[in-house]
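When reading the values below, keep in mind they use all heavy atoms of this one structure, side chains included, and skip hydrogens, waters and symmetry mates. In the text below, chain A, chain B and the rest are named by the order of the sequence lines, each starting its count at 1.
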Amino acid sequence: MNRIKKTFNKLNKENKKALGIFITAGDPNFENSLKLITNLPDNGADFIEIGMPFSDPMADGPSIQLSSQRALKSGMNIKKCLSLIKIFREKNIHTPLILMGYYNPIYKFGKEKFIKKCIEFGVDALIIVDLPPEEDDEFYFEAEKNNLSMIRLVTPTTDEKRLKKILLNASGFVYYVSITGITGTQAPNIKNVQDNIKKIKQVTDLPIVIGFGIRSPGQATLMSDVSDGIVIGSAVVDLIKKSIDGEGVSGGEELTTCLDFTKEISKALKHN
Amino acid sequence: MTKMNLNSLRTGPDAYGKFGIHGGRFVAETLMPLILDVENAYEKAIKDQSFINELDMYRRDYIGRPSPLYFAERLTEHFGGAKIYLKRDELNHTGAHKINNVIGQILLAKNMGKNKIIAETGAGQHGVATATACALFGFECEVFMGAKDIERQKPNVQRMQLLGAKINPVTSGTGTLKDAMNDALRFWVSNANTHFYIIGTAAGPHPYPKMVRDFQSIIGEEAKKQILEKENQLPNALVACIGGGSNALGLFHPFLDDEEVEIFGVEAAGKGLNSNLHAASLTAGSPGVLHGNRTYLLQDDDGQIIDAHSISAGLDYPGIGPEHSWLHDIGRIKYLSTTDDQSLDAFKLCSSLEGIIPALEPAHALHITGKLASERKGQIIIMNMCGRGDKDLSSVLPLIMKNDT
Ligand SMILES: Cc1ncc(COP(=O)(O)O)c(C=O)c1O
């Protein structure tokens with residue numbers, strides 16, 4: 001069984017909800033983001049989303065834009081991102097890893113080569129923000145053929161007809177974008193989220209994970225009550241920003257702040 | 001992929017919005033339903049006679065079309081070769097070709113019941129055209145403009161404000177046109193149900209490249225008729241500048257199947273193609289995916305977008321419309337480039353010989369037009385004079401004076 005399925009099955013049995021933490025590879029630098037990722041599982045993260053930075057992150061708000069810029073400045077690229085994952089996997093064989101990014105760096109790197117490396121190094125799934133089902137010929141089928149899950153995004157603007165189309169070939173879990181907007185900019189409305197999750201549940205048995213607008217333990221609890229799990233990103237990378245100095249140099253403080261925050265959310269989700 | 005008609009180069013894109021490998025719909029899921037709506041509404045509108053009649057009326061009575069095709073006798077004499085004709089789209093209301101597209105899209109927005117408009121702008125010409133059309137229709141208007149461009153295109157910023165538009169200065173990334181487009185797309189994602197996004201060039205996710213091309217093609221349709229009337233023959237060559245490529249496609253598209261007509265697109269070479277400070281995405285870039293479409297881009301080995309540079313804010317974009325990328329791949333159009341300095345010389349030349357102060361964008365086209373003309377005695381060249389230079393005076397004059405001393 002693959003790691004994503006295993007993780008959600010296990011949590012489900014224990015009546016727990018999954019906590020996913022997003023950070024950008026290379027933010028604030030290679031070593032510290034590796035340390036962060038390595039320590040996230042012990043602090044309550046059930047899965048990890050690793051952002052591959054892009055110069056023009058069209059679906060991201062200021063927090064992740066700045067995080068991407070810090071990562072690029074520190075020299076991050078796909079090759080280094082993959083080697084970061086390789087090192088992580090040498091010590092951790094259980095925690096699902098989801099790579100998230102935009103298509104251009106992957107396209108430039110070479111899609112076959114990228115898929116091959118992802119599988120070799122233990123990536124479980126991909127979220128490529130700017131590849132909607134209309135572009136499935138481009139990448140999706142090739143990835144699925146190689147047992148690399150492609151996580152589908154469902155948004156508040158997705159109508160029922162489209163929902164079926166999106167979920168037809170879905171695997172891993174379904175990512176529900178809780179706001180009509182870019183990452184980290186608004187608070188989700190619980191009533192709307194609840195209604196939409198109900199609709200999704202009618203079409204799929206896959207776990208449903210909510211992300212894009214969750215920042216606080218309170219929101220985390222609310223959102224996890226109506227889903228199978230949540231992802232927090234902007235709030236985490238904001239802590240990185242706060243922990244480094246004006247020049248972007250890190251004294252390592254972000255390891256403490258980000259991991260403490262993860263612990264706090266995990267506690268709110270009643271993980272133990 | 002659905003097959004394109006092999007007997008014509010004018011039938012693209014296919015059903016997926018592709019021109020060869022270029023184009024497509026590379027957008028976040030939140031935007032997908034919206035661009036499908038725009039596509040449906042557009043396909044319906046262009047078959048609707050009342051939409052066409054309304055568009056024709058605004059073209060004629062508001063924009064001032066048809067624009068003249070003018071025989072530039074003194075420029076012709078100066079270069080001593082081919083006869084140079086200028087398609088005078090700088091005489092349009094608001095001073096550039098951008099309004100041709102904006103009027104089309106705002107009528108579509110009206111059809112779709114959307115009365116809040118957003119736009120990105122580089123030189124400010126598209127922003128001004130959009131602000132103008134919004135004033136005309138009583139629509140709310142927000143324009144996204146790079147902080148750097150706000151500095152170098154002051155007069156246009158003031159015009160937009162006077163017309164009632166709200167300007168959103170863009171400081172993300174490098175604060176130029178590509179970032180303005182990022183922020184406009186981000187805003188659109190967040191206001192998906194209420195706003196219509198009027199994209200200013202023949203780029204972005206399908207159906208924009210096709211839609212903008214169609215609305216601009218009036219330029220080439222008129223030019224074809226006019227040159228046949230004046231010269232009783234087709235031109236030997238066409239020349240236009242390329243930012244995203246809308247004025248160029250507008251002139252070129254109706255001539256694509258006329259094999260005997262040579263076509264030249266002119267990119268901005270900035271401080272030189274070897275300087276890393278240019279905007280020549282076809283000449284010096286490689287295919288990639290940005291702003292919803294695959295096309296030639298300026299990017300590094302890691303697929304990160306590189307900033308463009310051009311003296312002309314309207315050409316300062318690291319991508320190009322996907323149809324140009326395809327026309328480049330199949331070799332139908334030749335893409336050349338003009339440097340900042342060459343465009344300044346052309347700017348001065350045109351002003352002093354013809355009494356036409358060109359925008360810096362078409363000044364790039366004029367440099368190439370002159371070169372081609374001098375090698376082609378007896379031939380006819382049509383160049384798209386797609387904008388007037390009033391907006392550029394405050395940034396150009398200090399440079400000209402510096403260069404002259
Ligand atoms: C006068 C003028 N010409 C050309 C352009 C470049 O755009 P396009 O290549 O879409 O015609 C602009 C863009 O702002 C412009 O203002």
- So what's closer than 4.5 Å to chain A heavy atoms on B:I306: side chain, backbone, both or neither? neither
- Pick one of side chain, backbone, both or neither for B:I305, based on which atoms fall under 4.5 Å of a heavy atom in chain A.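 For B:I305, the contact with chain A is made by backbone and side chain together.
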- Query: Among B:P205, B:G17, B:P287, B:G292, which has the most heavy-atom pairs under 4.5 Å with chain A?
  - Reply: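 The residue among B:P205, B:G17, B:P287, B:G292 with the greatest pair count is B:P287.
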- Sort out for me which of B:N191, B:D183, B:D301, B:L31 touches chain A most, counting heavy-atom pairs under 4.5 Å.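 Max contact count across the listed options: B:D301.
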To the nearest 0.5 angstrom, please state how far the [atom1] atom of [X] sits from the [atom2] atom of [Y].
X: A:L153; Y: B:M32; atom1: CG; atom2: CE; result: 13.0 Å
X: B:F26; Y: A:I128; atom1: CZ; atom2: CD1; result: 10.5 Å
X: B:D179; Y: A:Q65; atom1: CG; atom2: CD; result: 9.0 Å
X: A:E138; Y: B:R294; atom1: CD; atom2: CZ; result: 4.0 Å

Examine distances only and state if a side-chain atom of [X] and a backbone atom of [Y] form a donor-acceptor pair shorter than 3.5 Å.
X: A:E134; Y: B:Y16; answer: no
X: A:T157; Y: B:T30; answer: yes
X: B:Q304; Y: A:N77; answer: no

Contact part of [X] toward chain B, heavy-atom cut-off under 4.5 Å: side chain, backbone, both or neither?
X: A:I106; answer: neither
X: A:F109; answer: neither
X: A:D159; answer: neither
X: A:L72; answer: side chain

- Quick one: do B:L297 and A:N104 satisfy side chain to side chain contact (heavy atoms under 4.5 Å, CB included)? Show the steps, please. CA-CA 10 Å; B:L297 299 172; A:N104 195 54; 4.2 Å; yes
- Message: Walk me through whether B:D302 and A:I78 qualify under side chain to side chain contact (heavy atoms under 4.5 Å, CB included).
- Response: CA-CA 7 Å; B:D302 294 328; A:I78 286 202; over 6 Å; no
- Message: Is it the case that atom CG in B:N274 sees more than 12 heavy atoms from other parts of the structure closer than 6.0 Å?
- Response: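 Atom CG in B:N274 is not packed in, count stays at 12 or less.
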- Name the member of A:M58, A:Q69, A:Q186, A:K79 that forms the most heavy-atom pairs with chain B at distances under 4.5 Å.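 The answer is A:M58.
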